Student: 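Got a structure for you, written out below as structure tokens; questions coming shortly.
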Amino acid sequence: MKFISVVGAREHNLKNIDVKIPRRSFTVVTGVSGSGKSSLVFDIVFAEAQRRFMESLSSYVRQFVEKLDKPDVDFVEGLSPSVSVDQKTFHRNPRSTVGTITEIYDYMRVLFSVVGELRCYKCGEEISSQTSSSMIEKIRKEAGKKSVFVYSPVVQGRKGVYRKELEDMRREGFVRVRIDGETYDLEDEIELSRNKKHTIELLVDSIVLRGENSQKRLTEAVSMALKRSGGFLKCEIENGKTLTFSEHFSCPGCSINYPEISPRLFSFNSPYGACSNCQGLGSESFFDPELIVEDAEKSLSEGAIKPFEDSKYIARILKGLSEHYGFSLNVPFSQLSPSDKEKILYGSKTENISFRKMRKGRLREYTATFPGIVGILTEWHSDTKSEEIREKLSRYMRIIPCRTCDGARLNKIALSVIFREKTISDLAGMPVCDLIAYFGSLKLSDRERKIAGEIIKEISSRLGFLGDIGLGYVSLDRMAPTLSGGEAQRVRLATQVGSKLTGITYVLDEPSIGLHPKDNKKLVEMLKSIRDMGNTVVVVEHDEETIKSADFVLDIGPGAGELGGEVVCSGSVGKITRCAGSVTGNYISGKKKIPVPASRRFSDIRLGIRGAFGNNLRKLNVDFPLGTFICVTGVSGSGKSTLVVDTLYRGLSRKLNRSRDRVAPHREIIGTKNLDKVIKVDQSPIGRTPRSNPATYTGVLSEIRKIFSMLPESKVMGYGPDRFSFNLSQGNCAGCGGSGTVKIEMHFLPDVYVTCEVCEGKRYNDETLMIRYKGKNISDVLEMTIKKAAVFFENIPKISGKLKVLNEIGLAYLRLGQQVTTLSGGEAQRIKLSRELGKRTSGKTLYILDEPSVGLHFDDIRKLVLIIQRLVDLGNTVVVIEHNLDIIKCADHVIDLGPGGGESGGELVACGTPEQICEVSASHTAFYLKGVLGIK
């Protein structure tokens with residue numbers, strides 16, 4: 001078959017459409033946000049391929065797997081095995097790293113196990129398992145024709161007098177022995193201290209390596225020395241050089257045994273290789289006194305101990321402590337003596353203290369030791385089984401690199417294996433671009449080439465894929481949870497390219513997210529290389545460069561939600577641009593454009609960062625003009641997030657919001673007196689469970705519940721607002737507890753959620769659903785799109801105002817009750833932005849947005865720019881980290897970092913208006929910005 005044919009697609013908002021996607025081609029599915037692109041590609045094409053794969057399994061395996069529902073489609077033909085590379089299904093386990101996901105780290109483990117050199121972690125001597133023949137060969141090679149002294153280390157660093165052992169040596173005919181570095185004659189009376197550690201080395205023979213007889217004597221001496229010491233041998237050559245040998249993986253000098261080197265030794269997810277302190281996580285957490293005592297100017301009686309500020313129990317304990325040690329509960333915590341602070345936080349050790357506790361309505365006295373506030377919190381955190389309490393306590397904890405392995409995750413034996421003077425942890429910590437250069441410059445011996453040549457070739461190939469898709473700045477030890485949606489997707493894409501499969505349908509969700517225009521070309525080339533292997537590539541995408549590079553374009557629309565779900569146009573890029581009804585085509589052809597502002601704002605009032613040197617920043621001095629729209633640009637890894645989030649946001653949060661987050665190193669931040677608030681709106685999830693939805697996050701649901709509780713029917717039944725909460729038992733479905741879905745544990749696959757059979761996904765019980773407002777029950781309201789709900793509640797300002805903002809930023813197609821776990825990072829970010837826009841502002845707020853264009857169509861970007869400009873018009877300052885050229889060209893001020901990523905970045909390349917940036921030849925951004933501004 002030449003096509004993947006979809007007939008009668010009706011999933012979500014799709015309107016019974018028929019689609020043909022060419023096989024073995026590069027297809028882009030585009031359209032405005034919410035038009036139905038993902039419904040077609042992921043919920044029909046990929047889901048149906050997955051369902052058919054499950055049905056192909058044996059009946060035995062299928063009994064462990066929940067049956068997957070068939071998508072709402074008449075039929076799909078021409079499907080091949082499908083792989084989904086999207087942003088939502090990425091594993092966020094802290095044990096997963098870029099290296100483990102791409103399998104590069106697995107190849108490196110094999111490399112170190114076959115060609116790595118094991119060195120003693122105590123003395124640094126090389127450790128290897130050797131035969132007596134190899135020992136003799138090395139001795140002859142090193143000594144030449146010089147004299148050698150063969151010693152057998154019979155005792156190494158052990159206490160005792162060893163009279164019997166010394167007497168046995170003398171009786172067997174040996175003449176000399178070296179004890180603790182001094183040589184003795186065995187005929188002498190040798191007295192050793194019983195309580196001192198001794199090293200006894202028996203001189204087996206001294207041989208001049210000349211003539212045939214010397215070879216026989218050396219062989220016998222080596223054999224005798226190994227036998228007496230249990231496999232250890234020390235040989236001293238006349239020139240002063242000392243050779244140490246062992247038949248085992250052990251250090252003869254330090255008496256330390258080592259396991260056999262195998263790939264599992266280098267796995268931080270295996271007990272054989274993981275650091276014993278952090279269990280392979282590379283970090284440890286502890287309760288930080290700075291976070292526990294949030295405001296040191298408060299006294300203990302005023303609630304200086306933040307976790308227990310309202311606890312009467314802890315208040316009585318602190319009173320007992322103050323009476324025992326004589327400190328006041330009414331002075332600021334900062335004025336207490338260091339020893340008193342130590343007692344409060346870390347306890348009284350073994351000292352008993354008198355306390356009072358309430359029992360049967362009376363205060364009774366008792367005596368006990370005090371574990372300290374930190375001790376109480378630590379015990380509470382380890383004993384509780386409640387995730388809610390753990391999350392609450394985690395606010396007072398700090399995460400630092402493991403103090404045993406220094407963040408390397410591995411134990412000291414694994415870190416003692418060296419390849420070209422580097423440990424496996426050293427290599428995993430290098431940026432990918434540096435690793436490519438490192439493996440490219442390796443000069444291998446013939447032996448190493450035979451053993452490890454293919455391994456190094458595979459490592460280099462996979463590293464090259466990561467570099468080609470703009471991830472040259474990422475290190476292999478970067479944890480999966482720290483990757484953005486776009487980075488995570490491209491890491492998985494590189495893994496798929498490395499697998500070199502053919503005949504597969506690859507389904508991707510906006511892989512260009514987070515990429516500078518400079519790196520987009522490399523991404524497109526990689527997608528085409530996957531196609532050229534005989535695969536079908538289907539990409540949901542808004543990026544203009546990617547759309548123009550496609551073999552086939554499918555435009556879904558024309559609008560979002562109920563206004564979408566139709567095929568507007570399909571065919572070549574040229575055909576799309578000629579289609580009058582295609583919004584996408586109009587923007588690509590230039591018929592429609594996001595206008596450049598007629599004038600740029602200018603401000604003399606500046607917020608400034610001085611001497612920023614976090615991560616790869618090179619002591620930057622940067623000014624942010626207040627009351628303007630500022631874009632921070634630069635290639636991936638150039639230091640944008642370090643400057644804006646880690647330095648500016650966290651620094652201001654400490655000053656304005658009393659945050660305790662660690663700030664990236666810098667000298668100072670100036671001009672903060674002109675701000676009263678800093679707000680960050682990023683792509684992190686707005687909830688972690690299917691219970692969270694846009695209505696709960698924005699506060700709309702609380703107002704809707706109040707309306708339902710005020711209805712006459714509710715008053716008759718005595719229903720309050722709580723009755724209409726799906727999180728409370730009085731109104732929710734007993735079958736699913738109000739989630740609308742039931743979690744099915746899969747034995748071989750990740751857990752899946754299926755619709756509750758009792759309430760059919762409505763979340764509420766039948767009694768609650770009987771209450772109706774304008775003919776709709778509470779479940780019907782949650783199923784409405786934001787656009788519909790705005791009309792439905794148009795006469796209720798508290799609801800319609802918030803829904804209007806969601807409409808304006810391009811989220812009209814979302815349902816009020818849509819689970820937040822199904823939202824993309826860009827959608828989550830815009831919901832957060834809408835909540836901020838709905839608040840009253842003082843005009844002295846700094847907003848920080850991290851790539852708000854994610855998931856947005858050209859037309860939605862136009863709406864977003866209007867929202868940002870509206871915020872700035874109110875006197876606020878908006879700082880946006882962005883790659884999208886249509887947003888950058890609308891900024892008042894641009895700060896461009898670079899010139900490259902990782903070690904090649906961290907410098908201020910240019911700053912000024914977009915037109916001024918275009919004049920800087922060293923700026924990669926300028927090259928692409930000229931095109932959208934019409935500058936030649």
Side-chain angles (χ1 to χ4, degrees), residues 596-612 614 617 619-634 639-659 661 663-664 666-682 829 832-833 835-853 864-882 884 887-897 908-917 925:
V596 176
S599 62
R600 312 275 184 192
R601 300 178 189 87
F602 178 79
S603 173
D604 287 324
I605 305 170
R606 302 276 167 139
L607 174 72
I609 296 176
R610 299 289 177 262
L617 297 183
K619 295 187 178 178
L620 287 190
N621 297 323
V622 182
D623 286 334
F624 297 83
L626 295 178
T628 64
F629 171 21
I630 303 162
C631 260
V632 180
T633 64
K640 303 183 296 297
S641 294
T642 304
L643 177 70
V644 176
V645 179
D646 299 345
T647 309
L648 180 63
Y649 171 69
R650 290 185 179 178
L652 289 175
S653 289
R654 282 182 85 97
K655 287 191 177 183
L656 304 176
N657 305 342
R658 304 180 81 172
S659 162
D661 286 342
V663 185
H666 65 286
R667 197 169 72 248
E668 62 175 336
I669 298 176
I670 59 173
T672 57
K673 64 183 180 183
N674 300 304
L675 295 171
D676 61 11
K677 196 163 42 169
V678 60
I679 294 168
K680 183 180 72 164
V681 184
D682 61 14
Q829 186 177 30
K832 291 179 189 177
L833 185 59
R835 191 164 77 166
E836 296 304 329
L837 287 167
K839 295 177 182 176
R840 289 183 181 176
T841 175
S842 62
K844 295 175 74 176
T845 302
L846 175 69
Y847 292 94
I848 292 174
L849 280 66
D850 189 359
E851 292 194 68
S853 67
L864 175 68
V865 169
L866 291 174
I867 294 287
I868 292 173
Q869 300 288 18
R870 193 173 91 190
L871 271 174
V872 180
D873 288 340
L874 293 170
N876 301 300
T877 307
V878 178
V879 178
V880 178
I881 300 171
E882 192 52 83
N884 187 283
I887 292 180
I888 297 169
K889 76 179 184 184
C890 295
D892 301 313
H893 188 82
V894 177
I895 297 167
D896 190 41
L897 301 185
L908 181 62
V909 177
C911 65
T913 64
E915 289 78 11
Q916 289 170 333
I917 296 293
T925 305

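As the structure is a prediction and not an experimental result, all values here were calculated from the model.
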Student: Nearest 0.5 Å, please: how far is NZ in K677 from CG in L846?
Tutor: 11.5 Å

Student: Looking just at side-chain N and O atoms, do Q916 and R600 make a donor-acceptor pair shorter than 3.5 Å?
Tutor: no

Student: Under 4.0 Å between a Lys/Arg side-chain N and an Asp/Glu carboxylate O for K640 and D896?
Tutor: no

Student: Got a sec, which residues hit side-chain hydrogen bond (donor to acceptor under 3.5 Å, both in side chains) with K889, two or more places apart in sequence or on another chain?
Tutor: D886

Student: Between V894 and T925, is the side-chain contact (heavy atoms from CB on, under 4.5 Å) condition met? List the steps.
Tutor: CA-CA 10 Å; V894 177; T925 305; 5.6 Å; no

Student: Quick one about E882 and S853 (side-chain donor to acceptor, distance below 3.5 Å, no hydrogens or angles considered), yes or no?
Tutor: yes

Student: How would you list all residue pairs meeting side chain to side chain donor-acceptor pair (under 3.5 Å) that involve residues 646-657, not counting sequence neighbours?
Tutor: none

Student: Look up atom CZ in F624 and atom CD1 in I609, then write down how far apart they are to the nearest 0.5 Å.
Tutor: 4.5 Å

Student: Between atom OG1 of T628 and atom CG of N876, what is the distance when rounded to the nearest 0.5 Å?
Tutor: 11.5 Å

Student: To the nearest 0.5 Å, what is the distance between SG on C631 and CD1 on I895?
Tutor: 9.5 Å

Student: How long is the span from the CD atom in Q869 to the CG atom in L864, to the nearest 0.5 Å?
Tutor: 10.0 Å

Student: Could you grab the distance from atom OG1 of T672 to atom CG of L626, nearest 0.5 Å is fine?
Tutor: 10.0 Å

Student: In this structure, are over 12 heavy atoms from other groups packed under 6.0 Å from I605 atom CD1?
Tutor: no

